[in-house]
Amino acid sequence: MKPNRNFDFDVNELDLVEYSMKYRMSRLQKRRATVKKETSRLAIDNEIKQIYALLGKIHNQKIWYRPKGFVPGG
């Protein structure tokens with residue numbers, strides 16, 4: 001059986017994924033400061049790298065809105 005490669009997320013669902021990854025990242029960074037074993041630190045560092053890669057993919061696929069005309073105060 002092949003994995004599903006077509007996913008359909010709306011903006012709110014994708015925002016929830018992004019928020020969750022940022023929350024997980026902050027928890028990992030706090031835990032890394034207290035971990036004593038080097039193997040545990042390496043595992044945490046690996047997960048942090050994976051989360052950064054995922055957040056980068058999400059960021060790069062966003063379409064950023066920029067007004068064309070004059071925006072007062074902006």
Side-chain angles (χ1 to χ4, degrees):
M1 179 178 265
K2 293 183 180 180
N4 180 11
R5 296 189 181 269
N6 298 317
F7 294 94
D8 184 27
F9 292 108
D10 67 18
V11 175
N12 292 329
E13 293 167 334
L14 199 53
D15 188 46
L16 179 61
V17 170
E18 188 175 12
Y19 175 81
S20 301
M21 290 295 97
K22 289 178 181 179
Y23 177 77
R24 176 71 176 154
M25 177 85 69
S26 70
R27 300 284 298 193
L28 284 170
Q29 289 170 338
K30 288 176 186 174
R31 195 169 98 202
R32 188 187 186 286
T34 61
V35 169
K36 294 185 182 354
K37 289 175 57 178
E38 186 63 27
T39 55
S40 297
R41 274 198 199 121
L42 291 174
I44 290 171
D45 289 345
N46 187 37
E47 188 173 347
I48 287 173
K49 286 179 188 177
Q50 290 177 342
I51 292 172
Y52 269 127
L54 175 61
L55 289 173
K57 284 182 178 182
I58 292 171
H59 175 81
N60 291 337
Q61 292 182 36
K62 289 181 180 179
I63 298 173
W64 299 95
Y65 172 74
R66 290 188 193 126
K68 294 183 181 191
F70 174 74
V71 178

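Screening residues 31-44 for side-chain hydrogen bond (donor to acceptor under 3.5 Å, both in side chains) gives Arg32-Asp45 as the qualifying pairs, with residues at least two apart or on separate chains.
Follow the hydrophobic side-chain contacts under 4.5 Å out from Val35 and you reach Leu28 in the same cluster.
For the salt bridge (Lys or Arg N to Asp or Glu O under 4.0 Å) test, no residue two or more places apart in sequence or in another chain qualifies with Arg27. In this structure, the salt bridge (Lys or Arg N to Asp or Glu O under 4.0 Å) partners of Lys62, at least two apart in sequence or on a different chain, are Glu18. Residues satisfying the side chain to side chain contact (heavy atoms under 4.5 Å, CB included) test with Asp10, not counting sequence neighbours, are Asn12, Glu13.
Here the straight-line distance linking atom CD1 of Ile44 with atom CG of Leu42 works out to 9.5 Å at 0.5 Å rounding.
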Show me the donor-acceptor pairs, under 3.5 Å and distance only, between side chains in residues 46-59 and residues at least two apart or in other chains.
{"residue": "Glu47", "atom": "OE1", "partner": "Arg24", "partner atom": "NH2", "Å": "3.2"}
{"residue": "Glu47", "atom": "OE2", "partner": "Arg24", "partner atom": "NE", "Å": "2.8"}
{"residue": "Glu47", "atom": "OE2", "partner": "Arg24", "partner atom": "NH2", "Å": "3.1"}

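Here Phe7 sits in one hydrophobic cluster together with Phe9; the rule is ILVMFWY side chains under 4.5 Å apart, joined directly or through other members.
Within 6.0 Å of CG in Asp8 there are 12 or fewer heavy atoms belonging to other residues, nucleotides or ligands.
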